[in-house]
Amino acid sequence: MENVEKEIKNLREELERYNYYYYSKNESLISDVEYDNLLKKLEKLEKEYPEFLNSLSPSINVGSSLKDTKFEKVAHKSPMLSLSNSYNINDIEDFTKRAEKIIFQEKSEKNKIDYVLEVKLDGLSISVIYENGKLIKAITRGDGVIGEDVTENVMQIKSVPKFLKKNIDIEVRGEIVLPISKFEELNKKRMEANEEIFANPRNAASGTLRQIDSNIVKERELDCYFYFIVNPEIYNLSTHREALDYIEKLGLKTTKIGEVISTTDELEKRIEYWKKKKEKLDYETDGMVIKVNDLKLWNILGNTTKSPRWAIAYKFPAKQVSTKLLDITWQVGRTGKVTPVAELEEVEVSGSKVKRASLHNFDEIERKDIRIGDRVIIEKAAEIIPQVVKSIKEVRTGEEKIVTPPEKCPICDSILEKEEGLVDLKCVNKHCMGKIQGRIEYFVSRDAMNIIGLGEKIVERFLELGFIKNITDIYSLKNYRQDIVGLEKMGEKSVENLLNSIEESKNRDYSKTLYALGIPYVGKFLANVLADKSKNIDVLMAMSEENLLSIDGVGEKVAKSVFDFMRDSTNISNIEKLKEFGVNFSQLKESKVEKDIFQSKNFLVTGKLEKFSRKEIQEEIEKFGGKNLSSVSKNLDYLIVGKDAGSKLKKAQDIGTIKILSEEEFFNMINEKN
């Protein structure tokens with residue numbers, strides 16, 4: 001019994017510490033899923049041993065104690081409850097069954113409840129009070145009963161009107177967020193000023209709202225979305241969907257996502273839809289909220305001490321989680337850049353298992369003060385590459401080890417060098433197997449030659465066996481067919497598919513082949529530009545730096561890089577051998593242009609698009625004879641803008657001669673000219 005009491009005490013202290021850092025310091029020491037698991041463990045123990053239940057327990061109270069607040073404390077007229085969280089889609093069915101059982105008391109096909117599905121914003125909860133249509137008070141959640149008066153700061157948020165469209169008394173609740181586009185701008189400025197960057201938009205929004213200087217709030221351009229009316233029945237509203245519409249009529253902003261759904265199957269389908277769609281939103285959302293639509297049923301279903309029974313939050317797989325950093329290994333890339341890689345205790349991030357993550361460079365390790373043995377936060381950048389965000393210094397034991405940079409290449413043992421003004425350590429040995437492997441992996445990647453079946457492990461194995469020594473040897477792998485078939489996990493069918501993919505790669509577009517060569521500073525866009533201008537590799541190899549500089553979009557750094565690359569004896573030899581194998585190095589035919597309605601016209605796409613992807617619009621531009629540029633200049637004819645277009649739109653407006661188009665206007669142009 002003594003051990004149980006001690007465990008409960010330790011869990012409470014741990015949760016209170018996490019609450020304090022989250023609500024008062026704007027720091028997430030652990031992920032939501034880890035926090036919720038600890039909370040569930042505490043709730044289970046308190047249920048099994050009620051004699052240890054405490055009214056101050058985190059299982060009963062919401063939010064933080066506000067012990068370090070700089071703002072005046074204000075009591076909420078109506079408590080701000082928190083939602084119960086679920087990470088399992090099956091819990092949604094349990095939630096609907098429970099609600100239907102309480103409401104109807106009996107099973108029947110006719111007994112159905114409508115639900116409203118909304119996005120769950122990952123920001124800072126706020127309650128805003130209007131009297132006679134005028135904003136008079138804005139209060140943070142706090143501990144759910146008492147919050148902070150942040151009225152002056154909320155007044156600086158454009159999407160929170162100081163006056164409503166109706167002169168009424170009302171209390172509305174919502175979420176303050178920092179748009180992702182603004183978050184990226186803010187962190188860029190902070191990096192340039194050598195200031196610590198924010199870990200995520202939620203922390204940035206929370207930290208901004210708690211600034212004493214309200215001008216900082218105004219500068220950072222916070223946003224706010226409303227989703228709840230306190231005592232909605234006063235305004236003759238009978239459903240939550242009506243309440244959302246009423247909020248908009250008052251001139252308040254909503255996400256406009258509030259789908260009325262009557263079946264669990266449809267709820268699950270729409271949750272899956274939004275799980276993918278959320279990436280196109282300009283605010284962070286960590287899940288979906290399901291609410292009973294009929295407001296009368298809210299009173300029947302009631303609340304627990306901290307959560308309503310008429311709503312539940314389904315959380316998406318965590319983007320950020322914490323785990324232990326076991327070690328740091330050093331990886332050599334195709335350019336010789338030596339990159340630190342975090343070796344981690346396996347953990348699940350965004351639905352996949354992760355054991356390794358990027359640390360970028362040694363300067364980044366020093367700046368973030370990351371040590372071996374640290375508890376670290378990791379996330380998936382752009383939902384693909386795991387990276388270490390920060391170390392959790394607050395839980396250090398003193399046994400952590402400071403990281404020192406390597407002096408020699410971990411692959412070939414050559415002395416590493418550091419170019420003046422650059423942060424990266426580099427191996428300059430041309431024959432380093434790490435660099436060779438990196439070049440081969442780059443050459444066969446999806447955006448380059450797209451050779452399916454030549455993954456990292458296979459390339460490494462083929463190098464060890466001597467089947468390949470450089471990129472040109474890929475096209476001789478058919479000579480080792482029988483040897484490859486004998487390898488583990490390489491059956492006849494796998495080998496046949498691999499060799500077919502190698503043959504098919506010979507016919508890739510000239511621009512893809514150029515990109516695959518790995519010319520420094522030449523990405524997919526510039527590879528397209530160079531291919532379009534040169535038409536074949538011989539012309540490109542003969543170009544002087546002056547010729548290259550005359551190409552729109554090519555600067556001095558790129559021109560020198562291309563010029564030097566095309567005069568390196570090893571590169572020349574590789575290109576000649578690839579030609580002999582039949583790899584395409586010319587534009588066999590002009591790109592398909594249906595009509596030259598955009599001939600000699602330059603386009604640029606910016607901002608978040610709603611109906612089409614950026615790639616789809618760029619393909620349409622090229623299909624009709626236009627050209628895609630990478631930046632705003634006087635040569636630009638049209639700028640196609642989506643939401644939150646930012647600096648490129650402003651620059652185009654300043655130039656004055658560039659025509660600004662929406663997605664719809666762009667496609668109307670095509671229709672009119674066709």
Side-chain angles (χ1 to χ4, degrees), residues 326-327 329-339 341-344 346 352-358 384-386 408-414 427 429-509 512-518 570-585:
L326 302 174
D327 199 2
T329 54
W330 299 84
Q331 202 169 41
V332 182
R334 65 186 176 89
T335 62
K337 177 182 170 182
V338 178
T339 307
V341 177
E343 305 292 342
L344 308 161
E346 189 175 278
S352 61
K353 302 284 185 184
V354 170
K355 290 197 288 188
R356 308 182 88 209
S358 172
I384 299 169
I385 306 162
K408 293 183 177 181
C409 173
I411 304 296
C412 68
D413 217 30
S414 301
C427 174
N429 175 12
K430 281 188 176 183
H431 306 292
C432 174
M433 291 303 289
K435 291 168 74 170
I436 293 167
Q437 182 172 340
R439 284 196 288 270
I440 293 170
E441 287 173 10
Y442 187 84
F443 185 84
V444 303
S445 64
R446 187 176 61 179
D447 290 330
M449 302 307 280
N450 193 23
I451 298 176
I452 299 162
L454 269 183
E456 179 186 341
K457 296 294 180 189
I458 299 294
V459 170
E460 190 177 343
R461 189 84 178 104
F462 285 3
L463 281 165
E464 286 172 1
L465 293 167
F467 294 170
I468 51 177
K469 297 182 182 66
N470 57 42
I471 57 173
T472 62
D473 291 338
I474 291 166
Y475 295 95
S476 297
L477 277 172
K478 59 187 176 184
N479 300 331
Y480 296 95
R481 183 186 184 111
Q482 292 310 312
D483 297 304
I484 296 170
V485 169
L487 297 176
E488 188 183 352
K489 295 182 182 178
M490 292 295 288
E492 285 279 0
K493 188 65 178 172
S494 298
V495 175
E496 186 183 341
N497 290 340
L498 169 60
L499 296 178
N500 285 341
S501 188
I502 291 170
E503 279 303 306
E504 287 167 11
S505 74
K506 294 177 182 179
N507 299 316
R508 298 280 180 259
D509 290 346
K512 297 273 189 187
T513 315
L514 268 187
Y515 172 74
L517 292 176
T570 302
N571 295 332
I572 293 169
S573 173
N574 283 341
I575 290 167
E576 292 305 320
K577 283 180 185 175
L578 289 171
K579 279 185 188 177
E580 288 171 18
F581 281 118
V583 174
N584 176 41
F585 275 105

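Side-chain atoms are counted along with the backbone in the values below, which use heavy atoms only and exclude waters and symmetry mates.
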Exercise. Who pairs with F585 by ring-ring contact (aromatic ring centres under 6.0 Å, His included), at least two apart in sequence or on another chain?
Worked result: none
For this session: Report the distance from atom CD1 of I575 to atom OG1 of T472, rounding to the nearest 0.5 Å.
Result: 11.5 Å
For this session: Taking the side chain as every heavy atom from C-beta outward, state whether M490 and L498 have any pair of such atoms under 4.5 Å apart.
Result: yes
For this session: Apply the side chain to side chain contact (heavy atoms under 4.5 Å, CB included) test between W330 and each candidate in C427, P410, C409; give the one that qualifies.
Result: P410
Problem set entry | Distance (rounded to the nearest 0.5 Å) between L454 CG and I502 CD1 | 5.5 Å
Exercise. Between atom CG of L487 and atom CD1 of I458, what is the distance when rounded to the nearest 0.5 Å?
Worked result: 7.5 Å
Problem set entry | Residues which pass side chain to side chain contact (heavy atoms under 4.5 Å, CB included) with E346, listed by chain and number, not counting sequence neighbours | K353, K355
For this session: Spell out, as yes or no, whether a donor-acceptor pair under 3.5 Å connects the side chain of R334 to the backbone of G518.
Result: yes
For this session: Report the distance from atom CG of L514 to atom CG of D509, rounding to the nearest 0.5 Å.
Result: 11.0 Å
For this session: Using atom types as modelled and distance alone, determine if a side-chain donor or acceptor of N584 lies under 3.5 Å from a backbone N or O of R508.
Result: yes
Exercise. With sequence neighbours left out, which residue pairs that include part of residues 476-497 fulfil the ring pair (Phe, Tyr, Trp, His ring centres under 6.0 Å) condition?
Worked result: F467-Y480
Exercise. Where the side chain of S505 meets the backbone of M449, is there a donor-acceptor pair that is under 3.5 Å apart?
Worked result: no
Problem set entry | Side chain proximity check, I474 to F462, heavy atoms < 4.5 angstrom | no
Exercise. Which residues satisfy the side chain to side chain contact (heavy atoms under 4.5 Å, CB included) test with D327, sequence neighbours excluded?
Worked result: E343, I372
Problem set entry | Reported OG1-to-NE2 distance for the pair T570 and H431, which is rounded to 0.5 angstrom | 7.5 Å
Seminar exercise, completed: So the side chain to side chain donor-acceptor pair (under 3.5 Å) pairs with at least one residue in residues 492-503 (sequence neighbours excluded) are E503-K506
For this session: Search all heavy atoms of A516 against all heavy atoms of Y442 and return the closest pair with its distance.
Result: O-CD2, 3.7 Å
For this session: Could you tell me which residues satisfy ring-ring contact (aromatic ring centres under 6.0 Å, His included) with F443, sequence neighbours excluded, listed by chain and number?
Result: none
Seminar exercise, completed: Heavy-atom closest pair (I411 atom, G434 atom, distance to 0.1 Å) is CG2-N, 3.5 Å
Problem set entry | Under the salt bridge (charged side-chain N to carboxylate O under 4.0 Å, His left out) test, residues paired with R461 that sit two or more places apart | E464
Exercise. Are L578 and I471 close enough that some pair of their side-chain heavy atoms sits under 4.5 Å apart?
Worked result: yes
Problem set entry | All salt bridge (charged side-chain N to carboxylate O under 4.0 Å, His left out) counterparts of E460, not counting sequence neighbours | none
Problem set entry | With sequence neighbours excluded, residues passing side chain to side chain contact (heavy atoms under 4.5 Å, CB included) with L463 | M433, I436, Q437, I440, V459, I468
For this session: Just grab all the salt bridge (charged side-chain N to carboxylate O under 4.0 Å, His left out) pairs involving residues 435-456, residues at least two apart or on different chains.
Result: D447-K524
Problem set entry | ring pair (Phe, Tyr, Trp, His ring centres under 6.0 Å) partners of residues 485-509, not counting sequence neighbours, each pair once | none
For this session: Taking side chain to side chain contact (heavy atoms under 4.5 Å, CB included) as the test, write out the residues that go with S476, two or more places apart.
Result: N479, F581
